[in-house]
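Naming convention: chains lettered A, B, ... in sequence-line order (proteins, then strands); numbering from 1 in each chain.
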Amino acid sequence: MALALLLPVALAAQDGGGLKTGVSLSNQDSIAAANLQFRKMQEAEKAYNAGIQAFTDKNYREAVARLTEAAGLNPAHAKTWFSRGSAWIELDETDKALEDLNRALSLDSNYSKAWFTRGLLHDRAGNLTAAAADYTAAIENDTAGDARALYYRGIVRYRLNAFGDAISDFSRVTELDPRHAYAWNDRGSAKRQQGDCEGAVADYTRALKTDSSLAIVYNNRGSCLRKLGRYDEAIADFSRAVELKPDYHIAWNNRGSTRFDRQDYAGAIADFGKAIELRPDYAYAWNNRGYARYKSGDYDAAVADCDRAIAIDPGYGFAYLNRGIAKEMLRDAEGACADWARASELGVKNAATYVQEECNAIR
Amino acid sequence: MKSRAVISLITLLTPLLTAAQNDTLPEDSLTAHFKAVRLTESRALSPVAKKAIAKGDRFYLQGPDKYFLTLGHYREALKDSPDNAFVNFKVGKCYLDIPGRQHLSVVYLEKAWNQDRNVDPDIGYHLGRAYHLNMNFEAAIEKFTGYRLQIERRKNATDPLEYERTMQAVDRYLTQCRNGMEMMAQPERVFIDNLGERLNSEYADYDAFVSADESEIYFTSRRKDNVGGGLADADAQYYEDILHARADSAGWGSPERPGRFLNRKTNDAVAGMSLDGQQMLVYRDRNRGDIYLSKLKGREWTRPRRMRGINSPYRETSACFSGDGNTLYLVSDRPGGVGGKDIYRSRRIGKSRWSEPVILDSIVNTVHDEDRVYIHPGGGYLYFSSKGHNAIGGYDIFAAEARSDTAWAQPENLGYPVNSAGDDLSFIITANGKAGYFASARPEGQGDKDLYRVTFLGPEKQGVLNTEDNLLAGLAEPLPATVVEPKIPVRENKLTLLRGVVKDDKTGDPVGAVIEITDNERNEVVATFRSNAETGRYIVSLKSGGNYGIAVVAEDYLFHSENVIIPASVNYQVIGKDFGLKMFDVGSRIVLKNIFFDYDKATLRPESGAELDRLTGLLKKYRDVTVEISGHTDNVGSEEYNKDLSRRRAEAVVTYLAEHGVARERLTYEGYGFDQPLAPNDSDEGRQLNRRTEFRILSTGEKK
């Protein structure tokens with residue numbers, strides 16, 4: 001064991017450094033050179049570590065500065081480029097990040113983390129196909145059993161509407177890490193996109209078994225249960241979601257919609273109101289409350305709510321549709337027809353039918 | 001007894017008298033049969049109330065046109081005795097008998113009931129009717145059910161026929177109430193608008209026929225200013241007249257009598273119109289009620305002519321042309337029907353001749369009255385009013401879909417709120433099917449029946465709720481995405497590189513030697529290096545924080561001994577050091593740099609072990625060699641002291657060697673003090689070099 005401390009001459013060649021082997025270090029000049037080189041390496045490593053520390057401390061400017069220093073001292077060190085690339089990402093300097101990651105990958109084409117991170121960069125820029133390719137390279141070069149690239153590729157594939165491929169990626173993630181609640185959730189969502197709500201519910205349930213604190217999973221399961229007509233269970237899930245995350249406006253909106261399905265319009269109005277209270281610019285909740293108020297016969301209030309939805313989003317076709325429906329009940333046929341015509345322009349099919357059936361007949 | 005008498009009178013007289021097209025006989029003509037158990041007149045009436053009631057009763061007996069006068073007297077009694085059960089009952093019952101005022105009865109009958117439910121044996125029945133007419137079906141069912149039990153209890157004391165008729169009537173109301181509850185739970189999507197106070201009157205207005213562009217209307221009205229101003233004998237209402245009105249921007253205008261020939265002193269009603277508005281079917285109460293035809297010539301309606309082929313000695317009350325004008329649907333109570341008034345069908349067989357009417361399928365006609373028939377111009381639907389089917393009270397409006405020319409689907413109730421618990425009838429529909437007109441007596445109207453327009457909204461419009469989910473957890477709550485590498489260990493300078501050349505001390509030739517590194521503290525060899533035999537070059541790495549003995553050993557040479565102490569704090573350094581090896585010859589000497597003594601003593605320290613063993617080994621290998629071990633010091637201290645110390649130290653080494661198997665006679669020792677310095681004693685380094693133990697070969701025993 002003491003031998004390990006007495007490193008052979010070749011030690012200076014460690015880690016991509018520039019030292020030649022011991023054979024050439026045979027005279028004073030080369031000793032001095034080796035000495036100098038050694039100091040450079042040492043400085044590079046110190047700067048690198050300082051950069052990593054700064055990154056860890058979320059001081060990304062400092063990280064870039066120190067890693068730049070390290071790269072100057074030892075430009076052959078792929079990890080330095082990679083780490084600086086990561087820091088650039090944190091600083092939203094995408095182009096610079098990409099340049100550094102390319103440099104890291106040119107130095108080490110088996111650098112899984114760099115592939116992964118570049119994939120992430122493409123992913124964020126919406127270049128999903130490029131992202132998928134990089135994630136694939138990351139997966140192929142991965143030696144640490146890291147499920148991240150698989151997971152992210154699953155997401156990208158999902159977003160490319162390749163739900164079957166996404167499901168297979170998420171499945172591999174859950175094989176590698178059965179406690180990966182996100183992967184269970186996302187596989188459930190991919191199944192749901194394939195129309196398999198039952199399968200989705202099973203996966204969501206699995207995710208919740210792993211982590212029962214995930215409000216979004218309760219919300220997603222609730223939505224599937226709602227689709228399956230299991231309203232009581234859906235409402236229970238949405239209730240749990242807002243219990244875990246009281247400001248979860250999406251879940252409030254969903255619970256309201258489910259109560260609406262059960263013709264509990266007062267309950268629906270209250271839930272939509274809660275979503276509005278949390279997010280006054282949430283056009284969906286305004287629109288939905290408007291429609292629920294229409295259902296409960298409060299047509300003036302329905303129009304007022306839809307007005308708000310339209311003010312927030314002037315391109316919100318369904319809000320025009322619903323406002324037209326409420327206006328019809330207020331015997332404002334002209335207003336109703338104008339709204340349906342607008343909704344129809346915005347691509348709402350029902351509205352086109354109503355224009356055809358009701359408005360062309362107006363005397 | 002009084003009310004019974006009146007009802008009987010009407011029931012008996014009606015068939016004998018000329019009847020209006022709209023005969024609204026009270027449907028409760030079967031009621032009030034259980035007054036055998038007469039009230040004991042126990043209601044304590046004040047003299048004023050008693051007198052007012054008596055006056056009212058006298059008017060009541062004079063018939064329906066006196067009901068308003070009757071009511072006036074009853075209300076006088078009520079003013080005097082507002083909480084009297086009997087007075088309240090009288091007022092409530094009277095309202096129940098006045099068309100268009102029936103809904104007002106409930107307050108008084110309720111009060112009478114609450115004060116004394118024995119105030120009249122039939123109060124449960126009347127209150128049930130009042131609730132029914134107010135569309136309070138649930139309360140009505142409760143009262144009718146109670147009344148039914150009451151009748152059942154008295155079955156044995158009742159005339160069986162009367163019992164049967166009463167039970168049937170009550171059961172029919174119960175059925176209507178249940179139908180009503182069902183329909184109210186799922187109201188139709190309609191708007192219903194009264195045609196306005198300019199058109200409708202406080203009297204009965206009904207049977208509207210509206211032009212295709214909804215700008216003209218003909219209808220029947222029983223208002224006071226009728227032609228001749230007379231009252232019909234049958235129901236004591238004013239005679240029917242045909243009226244006409246036009247629509248302006250403010251709605252329907254005031255009606256007037258169209259032309260000279262349509263209206264006479266008795267009942268004249270519009271029974272139907274052709275689609276083009278050029279022909280009018282007119283009801284006249286001749287021959288108990290027949291259908292006439294009038295045509296529009298220019299601006300004048302011709303004198304109505306009795307139609308040939310369709311009329312009978314019985315009553316024909318309503319008729320309607322098909323869209324092509326070749327079929328006529330009519331209502332008649334002639335014998336051979338299903339029951340009451342029924343709907344018939346006749347075909348044109350000449351310019352003004354019609355075939356013998358044939359009764360419609362029994363899927364349309366019921367044992368109860370059907371009336372007011374209207375066929376959609378397209379022929380697809382037959383609209384009519386009926387007291388049968390699943391009516392919810394009085395006449396309801398129904399629609400039967402045509403399966404063929406002569407076959408119809410099961411009629412469907414137009415539902416609430418088109419139909420009410422009272423009479424809803426004479427429905428016509430606009431050509432596009434989106435609106436219709438009908439007559440109904442409603443609380444919000446001008447009085448009695450009014451004309452209404454119904455707008456059909458069709459199936460409910462499907463609005464849209466929008467929801468969203470966070471389907472991808474990774475997007476909703478992103479995992480920390482950027483990764484960073486861990487720190488790496490910085491290469492530390494805790495290392496000394498010792499490098500140089502091993503050569504022959506005399507010739508300078510390179511020597512291939514073994515370089516043995518000993519950790520003196522642990523007294524063990526920790527590494528062995530070799531110098532290059534060609535060049536003599538070597539490089540040795542030593543970790544900081546150690547006391548190293550370095551022995552350079554080569555065949556035929558004396559080993560060379562170096563001692564290197566590298567403090568732990570020492571960083572990276574490279575030490576250049578060449579070794580000159582001495583041949584194994586007499587006079588050759590080496591400095592034993594790895595022999596250590598305690599300070600100021602001649603005691604060997606344990607760190608010396610490796611060097612001493614090396615020396616022992618050497619002497620054992622070269623058994624004939626004799627050597628001198630000498631001690632040397634720096635110049636600190638006295639000469640005498642230094643000589644003594646150096647001699648004793650040399651002796652200690654010799655003693656060690658002897659104890660370890662080297663023959664004592666081969667060994668000599670000497671202390672030289674500071675007589676033979678290797679370096680000037682003017683520095684620490686110099687003095688260090690001078691403090692030493694030397695080994696010198698005295699003889700080799702054989703010449704090499």
Side-chain angles (χ1 to χ4, degrees), chain A residues 2-3 5-7 9 14 22 25-26 28 31 35 38 41-42 45-46 48-49 52-53 55-56 79 82-83 86 89-90 113 116-117 120 151-152 155 158 181-182 185-186 189 192 214 216-217 219-220 223 250 253-254 257 260 284 287-288 291 294 318 321-322 325 328 331 350 354 357 361, chain B residues 189 191 193 213-214 432-434 455 457-458 460-477 479 481-495 497 499 501 517 519 522 524 526-527 529 532 535 537 539-543 545-546 571-574 576:
Chain A
L3 268 174
L5 299 169
L6 296 158
L7 302 170
V9 174
Q14 169 205 331
L25 298 170
S26 51
Q28 282 306 116
I31 289 169
N35 237 339
F38 190 93
M41 291 302 102
Q42 190 180 44
E45 285 156 1
K46 281 182 180 168
Y48 173 85
N49 283 349
I52 300 298
Q53 186 59 50
F55 188 102
T56 310
K79 287 179 182 177
F82 164 76
S83 300
S86 293
I89 291 174
E90 294 296 341
K113 271 186 195 175
F116 170 74
T117 303
L120 209 65
Y151 176 62
Y152 277 91
I155 290 178
Y158 178 108
Y182 279 20
N185 173 79
D186 294 1
S189 294
R192 169 175 161 180
L214 293 174
I216 68 160
V217 185
N219 177 72
N220 290 341
S223 281
I250 287 175
N253 186 50
N254 279 326
S257 299
F260 182 103
Y284 280 5
N287 171 70
N288 294 352
Y291 192 44
Y294 154 81
F318 293 119
L321 169 74
N322 293 341
I325 290 171
E328 182 186 39
R331 313 205 61 175
N350 276 4
Y354 299 153
E357 286 178 357
Chain B
R189 285 177 27 88
F191 295 132
D193 299 300
D213 62 359
E214 295 185 77
N432 65 11
K434 290 196 176 298
T455 309
L457 297 176
E460 186 171 6
K461 306 281 187 303
Q462 291 305 304
V464 173
L465 292 180
N466 288 114
T467 59
E468 59 186 341
D469 294 309
N470 297 117
L471 284 176
L472 291 173
L475 292 186
E477 293 178 3
L479 297 164
T482 48
V483 289
V484 72
E485 293 286 358
K487 285 184 186 177
I488 53 173
V490 174
R491 62 195 71 191
E492 289 190 353
N493 248 351
K494 304 283 186 184
L495 199 66
L497 288 185
R499 61 200 321 148
V501 180
I517 312 293
D519 182 334
R522 302 208 310 240
E524 64 185 42
V526 289
F529 297 89
N532 187 295
T535 62
R537 285 173 190 142
I539 180 164
V540 163
S541 60
L542 300 169
K543 193 173 179 293
N571 279 337
Y572 180 75
Q573 60 182 345
V574 177

Distance, nearest 0.5 Å, that separates CZ of A:R192 from CG of B:D469 = 4.5 Å

How far apart are the closest heavy atoms of B:N470 and A:N185, and which atoms are they?
-> O-ND2, 4.5 Å

Could you grab the distance from atom OH of A:Y291 to atom NZ of B:K461, nearest 0.5 Å is fine?
-> 10.5 Å

How long is the span from the CG atom in A:N288 to the CG atom in B:L465, to the nearest 0.5 Å?
-> 4.5 Å

Of all heavy-atom pairs linking B:L457 and A:E328, the shortest is CD2-OE2, 3.7 Å

Determine the option with the most heavy-atom pairs under 4.5 angstrom with chain B, choosing from A:L321, A:N350, A:N254.
-> A:N254

Winner by heavy-atom pair count (cut-off under 4.5 Å) against chain A, out of B:N532, B:N466, B:D519 = B:N466

Please identify each residue that fulfils salt bridge (Lys or Arg N to Asp or Glu O under 4.0 Å) with A:K79, with sequence neighbours left out.
-> none

Contact summary for B:E460 and A:Y294, nearest pair of heavy atoms = OE2-OH, 3.0 Å

Most heavy-atom pairs under 4.5 Å with chain B, out of A:Y284, A:Y158, A:F260, belong to A:Y284

For the student: nearest non-hydrogen atoms of B:A473 and A:D186, plus distance | N-OD1, 2.6 Å

Against chain B, label A:N322 side chain, backbone, both or neither, depending on which of its atoms sit under 4.5 Å from a heavy atom there.
-> side chain

Which bit of B:T535 is near chain A, if near means a heavy-atom gap under 4.5 Å: side chain, backbone, both or neither?
-> neither

